[in-house]
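Working notes for the structure below.
The figures here come from the full heavy-atom set of this structure, side chains too, leaving out hydrogens, waters and symmetry mates. One-based numbering, in listed order, for ligands and for the atoms of each. Count residues from 1 along the sequence.
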Amino acid sequence: MTPQHGRTDEGAPSPLEERLVSLIRSNGPISIADFMSDALGHPHYGYYMARSPFGADGDFTTAPEISQIFGELIGAFLVRAFHDLGAPASFQLIELGPGRGVLMADILRAAGAQKDFISAARLTLVEMSGRLRHEQSRRLAQSAVAPAWADRFTDSPDGPALIIANEFFDCLPIRQFERCDAGWRERLVGLDQAGQRLAITHASTPPAPEMMLPPAESAPLGAVFEVNEPACRLAADIAIHLRHNRGRALIIDYGHLTRGFGDTLQAVRAHRFSPPLAAPGLADLTAHVDFDAIAHAALDEGASVAGPVTQGAFLRRLGLDLRLANLCAAHPERADELTIGARRIADAEHMGEIFKVLCVSSPDLPPPPGFDP
Ligand code: SAH
């Protein structure tokens, strides 16, 4: 193992960095995936466990936090999917990683007039953070459907399912491999030369063949290849669940359409990028979602897949412009704010291009709206 680049930031180590440094000192480097899991989900110091990340005072904002239209259009999409399922007497409405519960509150408000949908919905929120569960519970207290919580998607109850995951897959831990002189080597989190701070190192031996890395000759020296096993596993689990139970899942995240090289691990703190190893537990840490890989994982389990398409195209096809016009007519005093919010979620220079939408369905359902021009 050779330490690569030392770090430039001078901030004191976070409590989680101190723990990781002493762990690595005794046991050796850890994978980027283990680092990411601890940085986000460590029971005491994990970012989502200990902090309130969202909104102007937090570290980042998400589409439902920016514009109510996002959740309203998804609510209409889910109502349509409910009818495509034949309006069953009960179905599982499942959200993965609901954050502050804003998206689900908007979905349920938008679907509120559809009495058959509301009375059939059994709501499960998959959330690891006790603090966020509390916030979700408060925000949904007035909603027509009472939530239950699960730790993992695979704990969700059986029954026809409508599943939504916005900015959830990007939290799932990736592994990174780098093309070095000797071939592909896994990038690991080790210690800098002084042995005091975290730094990227490389495994001394090649990765196992089942990682299926691209041939070394096709990659320039220094190229980074990312593999997201938990994301592919989850996409496969969703597909299996839908095949057995029928239903549809909408996966929305920032990511790329086709596989390629690149280090996409990024940390965001107080709305600014920060070095990914600099403040574990204090910064949000994400990686771009490899939509090609998760689409194939779902297809391999017999689900049908639509997309991925860009978020902007998806929202416009679902009627963003008409919804915005109606809202502005009903609330002229909020027209500027509503218009700015709609642009931020749909325009190419904001979230419209970089965010992608993938729909996974049981094969019996018709094609979903929003995916074909
Ligand atoms: N969907 C929300 C929030 C996205 S942030 C929105 O659009 O605003 C990610 C959410 O996923 C948080 O609620 C976080 O606590 C949760 N989360 C991240 N990793 C998780 C995991 N492995 N298991 C369960 N929940 C997780």
Side-chain angles (χ1 to χ4, degrees), residues 33-56 58-75 78 93-108 123-140 147-156 163-174 228-235 237-238 249-255 266-269 271 280-281 283-289 311 315 341 344-345 351 354-357:
D34 287 343
F35 171 76
M36 230 178 136
S37 294
D38 263 0
L40 295 179
H42 183 283
H44 298 300
Y45 302 113
Y47 178 72
Y48 282 109
M49 312 307 265
R51 302 175 67 83
S52 286
F54 306 96
D59 294 305
F60 62 92
T61 40
T62 58
E65 302 261 345
I66 291 169
S67 171
Q68 68 184 78
I69 299 177
F70 185 78
E72 290 169 351
L73 295 176
I74 290 173
L78 295 174
L93 179 57
I94 301 169
E95 183 174 3
L96 310 181
R100 291 202 290 198
V102 175
L103 173 57
M104 188 48 69
D106 288 344
I107 288 172
L108 293 175
L123 176 59
T124 299
L125 305 176
V126 177
E127 174 58 65
M128 67 177 176
S129 157
R131 177 186 289 252
L132 287 173
R133 283 185 182 199
H134 184 68
E135 251 187 273
Q136 291 152 18
S137 162
R138 278 210 334 240
R139 177 148 286 111
L140 294 171
W149 281 267
D151 290 331
R152 281 170 297 274
F153 169 70
T154 43
D155 297 337
S156 309
I163 302 165
I164 165 84
N166 184 55
E167 292 211 45
F168 179 76
F169 275 72
D170 66 348
C171 302
L172 300 178
I174 55 159
N228 194 331
E229 291 165 312
C232 290
R233 182 68 252 157
L234 176 59
D237 285 339
I238 288 174
L250 211 46
I251 298 167
I252 307 175
D253 231 303
Y254 60 122
Q266 66 183 34
V268 170
R269 195 175 176 189
H271 299 270
D284 186 34
L285 196 60
T286 59
H288 285 203
V289 173
Q311 174 168 298
L315 294 175
R344 281 181 65 196
I345 61 173
M351 300 173 81
I354 178 101
F355 277 77
K356 312 290 188 304
V357 187

Looking at non-hydrogen atoms alone, which of Y48, F168, F169 comes nearest to atom 20 (C) of ligand 1?
F168

Option whose closest heavy atom lies nearest to atom 1 (N) of ligand 1, chosen from G99, G71, G97, G41
G97

Closest approach of A105 to R139 (non-hydrogen atoms, all atoms of both residues)
CB-CG, 4.0 Å

What one should report as the nearest heavy-atom pair of D170 and M36 is O-CE, 3.7 Å

Polar side-chain atom of [X] near backbone of [Y] as donor-acceptor pair, under 3.5 Å:
X    : Y    : answer
R131 : A50  : yes
D253 : H288 : no
Q311 : I345 : yes
Q136 : G99  : yes

Does L132 have a heavy atom less than 4.0 Å from any atom of ligand 1?
yes

Looking at ligand 1, is there an atom of it that comes within less than 4.0 Å of some heavy atom belonging to P98?
yes

Which ligand 1 atoms are under 4.0 Å away from a heavy-atom of [X]?
X    : answer
E167 : 4 (C), 5 (S), 9 (C)
P64  : 6 (C), 7 (O), 8 (O)
F54  : 3 (C), 5 (S)
C171 : 9 (C), 18 (C), 19 (N)

CG/L285 to OH/Y47 distance, rounded to the nearest 0.5 angstrom?
10.5 Å

Examine [X] against ligand 1 and note whether any of their N/O atoms are separated by less than 3.5 Å.
X    : answer
E65  : no
N166 : yes
M128 : yes

For H44, look at atom NE2 and say whether over 12 heavy atoms of other residues, nucleotides or ligands are found less than 6.0 Å away.
no

Would you sort out whether N166 and I74 count as a side chain to side chain contact (heavy atoms under 4.5 Å, CB included), showing the intermediate values?
CA-CA 11 Å; N166 184 55; I74 290 173; over 6 Å; no

May I ask you to identify the nearest protein heavy atom to atom 13 (O) of ligand 1, giving residue, atom name and distance to one decimal place in Å?
E127 OE1, 2.6 Å

Residue part near ligand 1, for T62, under 4.0 Å between non-hydrogen atoms
side chain

